[in-house]
Amino acid sequence: MPELNTVRRVSKTPPRLRAHFLGLDFGLKRIGVAVGNAERRTAQALSTVAARDGVPNWRQLEKQVERWLPTLLVVGLPVNMNGGEGDIAKRARRFGREVGGRFGLEVVFVDERLSTRAADELLRTAATAGGKPRNPQRAPSVQKLAKKRDSVAAELIVLTYLADPNAHA
């Protein structure tokens with residue numbers, strides 16, 4: 001079994017020609033993961049990685065890196081509404097440095113103010129038609145929505161980066 005801090009690249013495509021990157025929405029219990037494609041300017045929510053007090057399940061994260069072979073990691077930075085960085089933003093920066101170092105990838109931080117709230121709104125809109133639940137008997141559990149919310153927030157972080165790749169936090 002390879003060490004966790006090494007990722008084998010199996011693609012023969014030079015890294016500068018691959019356009020995939022991963023978006024990460026840092027959280028203390030879950031880290032949302034999305035994939036982005038710079039050439040197509042698209043993003044897609046993928047999954048969540050379990051975390052314990054902000055420390056991710058490194059094996060789960062490694063599987064995403066091995067699958068997508070990103071050339072860049074885009075990490076959401078949860079800054080305060082006044083633009084300042086509180087404890088959670090500092091932890092997100094520490095996480096970004098650690099994940100970048102572990103996988104040998106460049107990390108870009110993106111201001112993700114209100115991304116979780118926007119993800120909640122998107123999920124709520126998708127689950128309803130005309131303001132009414134599409135199927136109340138099959139409504140997703142709170143846990144399923146939370147997991148989906150984190151990956152959708154990661155997708156929004158990727159879209160923010162795609163909208164202005166030079167606006168780093």
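Reckoned from all heavy atoms, side chains included, excluding hydrogens, waters and symmetry mates.
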To the closest 0.5 Å, what do you measure between [atom1] ([X]) and [atom2] ([Y])?
{"X": "Leu77", "Y": "Asp111", "atom1": "CG", "atom2": "CG", "answer": "7.0 Å"}
{"X": "Thr160", "Y": "Glu155", "atom1": "OG1", "atom2": "CD", "answer": "10.5 Å"}
{"X": "Arg30", "Y": "Arg52", "atom1": "CZ", "atom2": "CZ", "answer": "14.0 Å"}
{"X": "Thr48", "Y": "Asp150", "atom1": "OG1", "atom2": "CG", "answer": "6.5 Å"}
{"X": "Lys90", "Y": "Ile88", "atom1": "NZ", "atom2": "CD1", "answer": "12.0 Å"}

Residue pairs passing the salt bridge (Lys or Arg N to Asp or Glu O under 4.0 Å) test where at least one lies in residues 74-83, sequence neighbours excluded: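 Residue pairs with at least one partner in residues 74-83: there are none.
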
The criterion is side-chain contact (heavy atoms from CB on, under 4.5 Å); which residues satisfy it with [X], sequence neighbours excluded?
{"X": "Val99", "answer": "Leu24, Trp58, Leu61, Leu73, Phe95, Phe103"}
{"X": "Glu106", "answer": "Leu72, Val108"}
{"X": "Arg94", "answer": "Arg91, Arg97"}

Atom of Val158, atom of Ala34 and distance for their closest heavy-atom approach: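 Closest approach of Val158 to Ala34: CG2-CB, 4.2 Å.
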
Heavy-atom closest contact (Pro56 atom, Ile31 atom, distance):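 Closest pair (atom of Pro56, atom of Ile31, distance): CB-CD1, 3.5 Å.
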
Ala50 backbone acceptor or donor facing Gln60 side chain under 3.5 Å: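 Checked: pair present.
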
N/O donor-acceptor pair under 3.5 Å between Arg41 side chain and Leu162 backbone: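 Flag set: sc Arg41 to bb Leu162 pair under 3.5 Å.
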
Any residue meeting salt bridge (charged side-chain N to carboxylate O under 4.0 Å, His left out) with Glu98, in chain and number order, not counting sequence neighbours: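 Counting only residues at least two positions away or on another chain, Glu98 forms a salt bridge (charged side-chain N to carboxylate O under 4.0 Å, His left out) with Arg102.
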
Residues which pass salt bridge (charged side-chain N to carboxylate O under 4.0 Å, His left out) with Asp87, listed by chain and number, not counting sequence neighbours: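 None.
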
Trace of the side chain to side chain donor-acceptor pair (under 3.5 Å) decision for Gln64 with Ser47: CA-CA 9 Å; Gln64 294 294 348; Ser47 65; 3.1 Å; yes

Test log, rule side chain to side chain contact (heavy atoms under 4.5 Å, CB included), inputs Phe21 and Tyr161: CA-CA 11 Å; Phe21 53 92; Tyr161 173 74; 3.7 Å; yes

Electrostatic pair Arg59-Glu62, nearest N-O below 4.0 angstrom: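 The answer is yes: the pair qualifies as a salt bridge.
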
